[in-house]
J.: 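Let me give you the structure first, and then I'll get to my questions.
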Amino acid sequence: MESRRRDMELLSNSMAAYAHIRANPESFGLYFVLGVCFGLVLTLCLLVLRLSCRPPPRPPARPGDLSEDEDDEDEDEEDTVDRAASESLLPVTEIPLESHGPGDGALAVNVFASAEELERAQRLEERERIIREIW
């Protein structure tokens, strides 16, 4: 009996709301637009709050810090992608082909001081490629 009464109240309230909207379409339009605007302003405020409360970015790792565990890199995969966009590129020394004759045997290669720097540069290039694909 109680569920039937609730159904009747819901139906009655719905019919009253429909009748009110039919009688006053301007007020319905006004309330609808106000609701949409309020939602947009609230979303904008929350977005600004999220951006302003973001923790400061970590400084880029120094070459001596490369001996840390690789597990740390796996845990912060999403943070790493965000950080990779703001990191500066490693300095790369390239040997141009124009300055050498064909008999020099010189090739255009990237020269790194160690294998660790080469691996780090390859990881950075992979992150940049992923970021470009996302954008």
Side-chain angles (χ1 to χ4, degrees):
M1 185 73 167
E2 184 66 30
S3 66
R4 185 172 173 91
R5 182 175 174 212
R6 285 187 192 160
D7 290 341
M8 293 303 289
E9 285 179 9
L10 180 64
L11 182 62
S12 173
N13 289 339
S14 298
M15 290 175 60
Y18 179 74
H20 179 73
I21 290 170
R22 288 286 293 197
N24 303 310
E26 297 87 9
S27 65
F28 170 73
L30 178 66
Y31 288 129
F32 180 77
V33 170
L34 283 174
V36 170
C37 290
F38 178 73
L40 290 173
V41 168
L42 181 65
T43 303
L44 181 64
C45 291
L46 291 174
L47 182 64
V48 168
L49 184 67
R50 179 178 177 229
L51 291 176
S52 65
C53 292
R54 181 182 292 176
R58 290 185 249 160
R62 286 178 263 145
D65 295 340
L66 291 176
S67 63
E68 293 181 6
D69 292 333
E70 295 295 324
D71 296 337
D72 184 43
E73 186 174 315
D74 293 337
E75 291 174 4
D76 299 331
E77 184 66 31
E78 184 175 305
D79 185 52
T80 305
V81 172
D82 292 338
R83 204 168 16 112
S86 62
E87 280 185 359
S88 62
L89 294 174
L90 289 174
V92 176
T93 305
E94 293 187 7
I95 303 171
L97 287 175
E98 296 88 5
S99 63
H100 299 285
D104 285 344
L107 300 174
V109 294
N110 294 336
V111 180
F112 294 99
S114 68
E116 293 173 350
E117 287 181 9
L118 177 61
E119 181 180 336
R120 183 173 179 213
Q122 289 172 343
R123 285 191 313 232
L124 185 60
E125 286 176 358
E126 180 68 18
R127 289 178 195 149
E128 288 174 354
R129 184 187 61 79
I130 291 171
I131 290 171
R132 281 193 301 266
E133 287 178 3
I134 290 172
W135 284 107

J.: How many angstroms lie between atom CD of Glu119 and atom CG of Leu124, to the nearest 0.5 angstrom?
T.: 12.5 Å
J.: Filter on side chain to side chain donor-acceptor pair (under 3.5 Å), then keep only pairs touching residues 24-36, sequence neighbours left out; what's left?
T.: His20-Asn24
J.: As an exercise, state the distance from CG of Leu46 to CG of Leu42, rounded to the nearest 0.5 Å.
T.: 4.5 Å
J.: Tell me every residue that passes side chain to side chain donor-acceptor pair (under 3.5 Å) with Arg129, counting only those two or more places apart in sequence or in another chain.
T.: Glu126, Glu133
J.: If you round to the nearest 0.5 Å, how far is CZ of Arg123 from CG of Leu118?
T.: 10.5 Å
J.: Does one hydrophobic cluster hold both Leu40 and Leu49, with members joined at side-chain heavy-atom distances below 4.5 Å?
T.: no
J.: Determine yes or no for a side-chain-to-main-chain donor-acceptor pair under 3.5 angstrom, with Ser12 supplying the side chain and Met8 the backbone.
T.: no
